[in-house]
There are 2 protein chains.
Amino acid sequence: MREQPPSLRIAEALQQRISDQEWAPGDRLPSRAQLAQEYECTEAIVRRAQERLIAEGVLEGRAGSGTYVAAQRERLRLVRPLAREIGEQESFRTQMAALGKRGTWDSRSEGPLTAPTTVAARLGITEADYCVRTSYEYLADSKPVYLATSWEPYSMTSGSLVVLPEGGPHAGQGVVRRMAEAGVKVTRAVERANPGNANAEEAHLLGLLRGASVTRIQRTYYSSDGRAVETADIVVPAALCEIVYESTEG
Amino acid sequence: MREQPPSLRIAEALQQRISDQEWAPGDRLPSRAQLAQEYECTEAIVRRAQERLIAEGVLEGRAGSGTYVAAQRERLRLVRPLAREIGEQESFRTQMAALGKRGTWDSRSEGPLTAPTTVAARLGITEADYCVRTSYEYLADSKPVYLATSWEPYSMTSGSLVVLPEGGPHAGQGVVRRMAEAGVKVTRAVERANPGNANAEEAHLLGLLRGASVTRIQRTYYSSDGRAVETADIVVPAALCEIVYESTEG
DNA sequence: TCGAATTTGTGCGTATGTATC
DNA sequence: GGATACATACGCACAAATTCG
């Protein structure tokens with residue numbers, strides 16, 4: 001039987017004091033120097049202990065300020081819209097309204113441009129084919145809650161008023177309705193969900209710490225002839241949103 | 001402009017050599033001692049560089065053996081069964097069969113026992129109410145691919161032949177059909193998906209490294225009167241399975 | 001306003017443990 | 001069982017952010 005390392009012992013001691021409500025969520029812990037003195041160990045050991053608890057989401061470190069008990073923020077329940085009648089934007093706005101929040105989004109379209117290999121594969125086009133890329137930032141009461149980057153083959157909508165997803169008379173109506181305007185009927189929605197970690201840019205946009213836990217959703221809409229009409233990369237931070245899929249019997 | 005740390009420079013150099021296909025997936029890299037000599041740095045710096053790439057999933061360290069280029073294993077496409085007509089087991093077996101694999105599962109039921117607070121809340125029962133807990137390990141060609149732990153209130157099925165999910169004449173038929181036998185109609189399915197990391201036990205059961213990326217799904221079935229009839233914690237490792245939600249228009 | 005003290009974050013080196021061959 | 005190679009834990013130095021007089 002090997003004895004457990006000092007840092008693990010300290011981690012458990014800190015965890016216990018939090019469980020005992022000696023420190024409440026949001027409270028600042030004593031500094032590493034103080035804790036080291038209290039537990040008669042080095043600062044490095046306290047540091048490792050805190051790192052463990054930070055990784056578990058129990059603690060939260062703020063540079064220059066202190067180490068805090070993680071305040072479990074309210075997470076938004078994000079019901080994914082798999083039905084074809086409702087799009088990302090409308091679904092988001094409706095759900096936020098039901099929570100008494102204002103659901104809005106910022107977007108920026110670019111194109112025509114060529115898609116990266118992986119995106120081209122998802123759309124069933126070649127890397128030479130042109131696309132329109134639109135970046136979204138979804139906001140609840142003006143605070144960012146998740147990100148999305150959408151790709152549409154230029155050939156789907158070229159020559160119509162719906163080339164730019166967030167421009168023209170059909171702005172903000174979602175892919176499905178805009179595609180209907182272009183004569184394309186969307187009959188299938190697929191979402192592939194993968195766990196991951198936020199990169200520096202995503203963390204900055206969402207106000208998270210680098211490496212924060214996220215779910216990456218690859219969403220693709222298909223028309224009745226089986227062709228992909230749009231695909232999107234959606235980044236949902238675990239700290240802000242909980243992803244829900246549901247189906248109810250009529 | 002601050003210069004980048006040595007370990008980051010080495011990480012990019014290694015990444016480049018992998019991109020250049022100097023090392024193919026599955027290949028073993030030179031030892032840290034060799035790389036340190038080649039790049040004229042210390043072994044610790046090579047180690048940090050490799051740690052970065054391991055965290056990104058580019059490399060894979062095997063104690064006592066070496067550091068390898070991560071071979072991207074084939075990931076099983078796991079379409080989540082949201083429809084009420086089909087259960088977890090039947091869905092899994094069907095999907096594996098379509099891939100030419102044999103989909104089976106091990107299970108172990110225990111009860112009556114009381115549920116932890118969080119599970120009791122999901123089931124809408126008190127912590128004193130009894131439940132039956134069933135642990136599943138889903139296997140593709142006898143290799144574990146994901147885990148599930150199911151909780152059913154004892155009151156739902158007591159007195160019927162379906163008390164134990166994997167025992168009796170209705171074994172392996174899934175919650176929905178078994179509940180129908182007990183006179184309970186399931187009308188709503190909800191899955192909450194959260195990113196996380198495997199603990200030691202999960203990693204062992206699934207043959208993964210500790211801390212491997214997983215998606216934790218909380219699935220709950222509800223009956224027509226709004227009561228929860230079953231809830232499950234499902235652990236899907238990113239390395240082995242890709243989670244898919246889809247809806248197709250009739 | 002500014003700057004020093006405090007506190008956490010990052011990077012690296014070393015010692016030791018453990019798995020593999 | 002020895003040699004080799006990666007994993008873990010810890011200590012140290014310095015950078016970055018914050019706080020406060």
Side-chain angles (χ1 to χ4, degrees), chain A residues 1-14 23 26-55 58-70 197-200 203-204 207-212, chain B residues 1-14 23 26-55 58-70 197-200 203-204 207-212:
Chain A
M1 191 67 184
R2 67 179 191 280
E3 63 186 283
Q4 62 183 355
S7 63
L8 190 54
R9 185 179 64 85
I10 306 294
E12 287 171 358
L14 296 178
W23 299 311
D27 283 1
R28 208 197 80 169
L29 267 60
S31 72
R32 286 208 295 257
Q34 286 177 285
L35 287 172
Q37 188 174 11
E38 181 180 341
Y39 286 104
E40 295 180 346
C41 65
T42 65
E43 286 192 30
I45 290 175
V46 176
R47 164 125 198 81
R48 309 303 167 185
Q50 291 181 337
E51 274 174 356
R52 285 186 103 92
L53 297 177
I54 288 171
V58 174
L59 294 180
E60 190 181 322
R62 300 179 203 165
S65 175
T67 303
Y68 297 74
V69 179
N197 299 97
N199 62 32
H204 178 256
L208 305 169
L209 300 168
R210 187 163 62 100
Chain B
M1 190 67 183
R2 66 179 190 279
E3 63 184 284
Q4 62 182 356
S7 64
L8 190 54
R9 186 179 64 85
I10 306 295
E12 287 171 358
L14 295 178
W23 298 311
D27 283 0
R28 209 197 77 167
L29 268 59
S31 73
R32 286 211 289 263
Q34 286 176 288
L35 287 172
Q37 187 173 12
E38 181 179 340
Y39 285 105
E40 295 180 347
C41 65
T42 65
E43 286 191 31
I45 290 175
V46 175
R47 167 110 194 90
R48 310 301 170 184
Q50 291 180 338
E51 273 174 356
R52 276 183 178 274
L53 298 178
I54 288 172
V58 175
L59 293 179
E60 192 181 321
R62 298 180 205 166
S65 175
T67 304
Y68 296 75
V69 179
N197 299 97
N199 62 32
H204 178 255
L208 305 169
L209 300 168
R210 188 163 63 95

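What you are looking at is a predicted structure, and each value in this text was computed from that prediction instead of being measured. Letters A, B, ... are given to chains in the order of the sequence lines, protein chains preceding strands, and every chain is numbered from 1.
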*Asks:* Rounding to a whole Å, what distance do you find between Glu60(B):CD and dA19(C):P?
*Replies:* 17 Å
*Asks:* About how many Å separate CD1 of Ile45(B) and CZ of Arg9(B), when rounded to the nearest 0.5 Å?
*Replies:* 8.5 Å
*Asks:* Take a 6.0 Å sphere around CD of Gln37(B) and say whether it holds more than 12 heavy atoms from other residues, nucleotides or ligands.
*Replies:* no
*Asks:* Starting from P on dT10(C), measure out to CD1 on Ile45(B) and report it in whole angstrom.
*Replies:* 18 Å
*Asks:* Could you tell me the separation between the CZ atom of Arg9(A) and the P atom of dC10(D), rounded to a whole number of Å?
*Replies:* 10 Å
*Asks:* If I take atom CD in residue Gln4(B) and atom C1' in nucleotide dA15(D), what distance separates them, rounded to the nearest angstrom?
*Replies:* 17 Å
*Asks:* Taking CZ from Arg48(B) and P from dA9(D), how many angstroms apart are they, rounded to a whole number?
*Replies:* 13 Å
*Asks:* Which atom pairs link the protein and nucleotides 4-8 of chain C when you take only N or O atoms and keep those under 3.5 Å?
*Replies:*
| unit_1 | atom_1 | unit_2 | atom_2 | d |
| --- | --- | --- | --- | --- |
| dT7(C) | O2 | Gly64(A) | N | 3.3 |
| dT8(C) | OP1 | Thr67(A) | N | 3.4 |
| dT8(C) | OP1 | Thr67(A) | OG1 | 3.3 |
| dT8(C) | OP2 | Arg32(A) | N | 3.2 |

*Asks:* For Arg62(A), which residues count as a salt bridge (charged side-chain N to carboxylate O under 4.0 Å, His left out) partner, sequence neighbours excluded?
*Replies:* Glu60(A)
*Asks:* How far does CD of Glu43(B) sit from CD of Gln34(B), to the nearest 0.5 angstrom?
*Replies:* 10.5 Å
*Asks:* Distance from Arg52(A) atom CZ to Ile54(A) atom CD1, nearest 0.5 Å?
*Replies:* 12.5 Å
*Asks:* Measuring from Arg47(B):CZ to Ile10(B):CD1, what's the distance to the nearest 0.5 Å?
*Replies:* 15.0 Å
*Asks:* Output yes when at least one side-chain N/O atom of Ser7(A) is less than 4.0 Å from OP1 or OP2 of dC10(D), else no.
*Replies:* yes
*Asks:* Consider the side chain of Ala44(B), meaning its heavy atoms from C-beta on, and name the nucleotide among dG13(C), dT10(C), dA9(D) that approaches it most closely.
*Replies:* dG13(C)
